[in-house]
Amino acid sequence: DAVARSLRRKALQYSVVIVLLLLAVPLLAWLGPLWFARPVWGGLTLNFLTVAVLLHFAFVVVAVAFVRVANRSEDEMLGRPEDDG
């Protein structure tokens with residue numbers, strides 16, 4: 001039960017990070033029209049590149065970080081089974 005509560009708490013923390021990443025793109029587009037409209041590479045704007053590439057990379061980084069923290073937390077609370085090999 002404690003493991004589930006701990007992982008739920010971590011999941012909520014990482015969910016907040018994901019929501020903040022998602023909200024950062026429209027906020028930057030609203031606050032910085034130059035960031036939104038200026039072509040950077042091949043006519044693509046920084047806003048488009050952020051949504052198309054950087055945001056997905058950030059999601060993968062957050063997911064890997066969560067899995068590592070969750071596995072470590074679970075191993076500390078439940079212990080790792082010994083290898084019989």
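Not measured: the values here are computed from a predicted model.
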Could you work out the complete set of other residues in the hydrophobic cluster of W30, with links drawn between I, L, V, M, F, W and Y side chains under 4.5 Å apart? L27, L31
Partner residues of R5 under the side chain to side chain donor-acceptor pair (under 3.5 Å) criterion, sequence neighbours left out: D1
Please name all residues satisfying side-chain contact (heavy atoms from CB on, under 4.5 Å) with V17, sequence neighbours left out, ordered by chain then number. L21, V62
Residues passing the side chain to side chain donor-acceptor pair (under 3.5 Å) test with S6, sequence neighbours excluded, are S73
Give every residue pair that meets the salt bridge (charged side-chain N to carboxylate O under 4.0 Å, His left out) criterion with at least one member in residues 7-33, sequence neighbours excluded. none
May I ask you to list the residues sharing a hydrophobic cluster with V53, side-chain cutoff 4.5 Å, ordered by chain and number? none
Check against side chain to side chain contact (heavy atoms under 4.5 Å, CB included), V51 and F48: CA-CA 5 Å; V51 172; F48 180 81; 5.9 Å; no
Heavy-atom pair of closest approach, residues L46 and V40: N-CG2, 3.6 Å
Listed partners of L54 passing side-chain contact (heavy atoms from CB on, under 4.5 Å), at least two apart: T50
The side-chain contact (heavy atoms from CB on, under 4.5 Å) partners of V16 (sequence neighbours excluded) come to L20
Under 4.5 Å between side-chain heavy atoms, chaining through other members, with only Ile, Leu, Val, Met, Phe, Trp and Tyr counted: pull out the rest of the cluster around V67, sorted by chain and number. none
Sorted by first residue and then second, give each ring-ring contact (aromatic ring centres under 6.0 Å, His included) pair with at least one member in residues 52-76; sequence neighbours left out. Y14-F66
Approximate separation, where rounding is to 0.5 Å, of L22 CG and L55 CG: 5.5 Å
